[in-house]
Every structure is written in structure tokens, then in C-alpha cells.
Colleague: 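Got a structure for you, questions after.
Only a predicted model underlies this, so the values are computations on that prediction, with no experimental measurement involved. Values below: every heavy atom of this structure, side chains too, minus hydrogens, waters and symmetry copies.
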Amino acid sequence: MRSETPAAPVNDSAPGDGLVKAGVVVFAIGALATLVTVAPLFLGTDPFPTVAYCVSMLMGVGFALAGAGVLRSIAAQRRQARGGPAAPVQAR
């Protein structure tokens with residue numbers, strides 16, 4: 001029986017996947033920064049400097065990046081369904 005793995009690697013990544021992955025990473029960094037900046041409020045210690053609160057805004061930036069990736073993926077799938085000229089062909 002022959003191996004079912006194709007000889008050439010198949011590119012299964014859709015347009016927008018990179019933006020979604022980057023958005024998840026940026027969101028996670030922002031969420032961690034948010035937890036760190038909120039902790040002094042519960043622990044009764046001195047609050048962090050303003051820069052720490054600015055880093056926590058990365059949570060929204062990551063959410064926007066992931067949303068842009070999803071919208072890009074949707075647009076590519078719609079173009080492919082319509083049979084548009086920019087429809088990527090994947091070799092299987």
C-alpha cells in the first residue's frame with residue numbers, strides 16, 4: 001500500500017490565517033498585561049506605571065487583527081465561490 005501523504009506539501013492555509021494567528025498572540029499578550037495591571041488593585045500595592053496600562057490595550061489590537069483576518073478569509077471564500085479571477089487553486 002502506498003503512503004497517502006502527498007509528495008509535494010499542500011498549502012492548507014487560507015488567506016487571513018496569519019492575521020488570525022498574530023491576533024491571538026497579541027490578544028494573549030494584552031490579556032496577560034491586563035491581569036498584571038489589575039492585580040495591584042486587589043493586592044493593595046502601588047499601581048504600575050502608565051506604560052503597563054498601554055500594553056494592556058494590545059488586547060483590543062489583537063482582537064481587531066483577528067477580526068481582520070476572519071474578514072479577509074470570508075472575502076477570499078466568497079471570491080472562490082463566485083469563481084472570481086483571484087480564486088486561489090490548491091493542488092491536492
Colleague: What pair of heavy atoms forms the shortest contact from P40 to P47, and how long is it?
Modeller: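 Heavy atoms only, the tightest pair is CB-CA, 4.2 Å.
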Colleague: Just verifying a value: how many Å separate R79 CZ and I74 CD1, rounded to the nearest 0.5 Å?
Modeller: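 With rounding to 0.5 Å, CZ (R79) is 12.0 Å from CD1 (I74).
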Colleague: Tell me, with the steps shown, if F27 and L58 meet side-chain contact (heavy atoms from CB on, under 4.5 Å).
Modeller: CA-CA 6 Å; F27 183 87; L58 287 177; over 6 Å; no
Colleague: Hydrophobic cluster membership, with links at side-chain heavy-atom distances under 4.5 Å among I/L/V/M/F/W/Y: are V55 and L65 in one?
Modeller: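 Shared cluster, yes.
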Colleague: Treating T34 as the side-chain partner and G30 as the backbone partner, does any N or O pair qualify as donor plus acceptor under 3.5 Å?
Modeller: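 Indeed, once roles are kept as given, a pair shorter than 3.5 Å links the two residues.
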Colleague: Within this structure, what is the CE-OG1 distance for the pair M57 and T37, rounded to the nearest 0.5 Å?
Modeller: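 Rounded to the nearest 0.5 Å, the CE-OG1 separation comes to 10.0 Å.
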Colleague: Can you get from V70 to L19 by hopping between Ile, Leu, Val, Met, Phe, Trp and Tyr side chains that sit under 4.5 Å apart?
Modeller: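 Hydrophobic grouping puts V70 apart from L19.
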Colleague: Is there a chain of hydrophobic side chains (I, L, V, M, F, W, Y, each step under 4.5 Å between heavy atoms) that links V25 to V20?
Modeller: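 They do not share one cluster, since no chain of ILVMFWY contacts under 4.5 Å joins V25 to V20.
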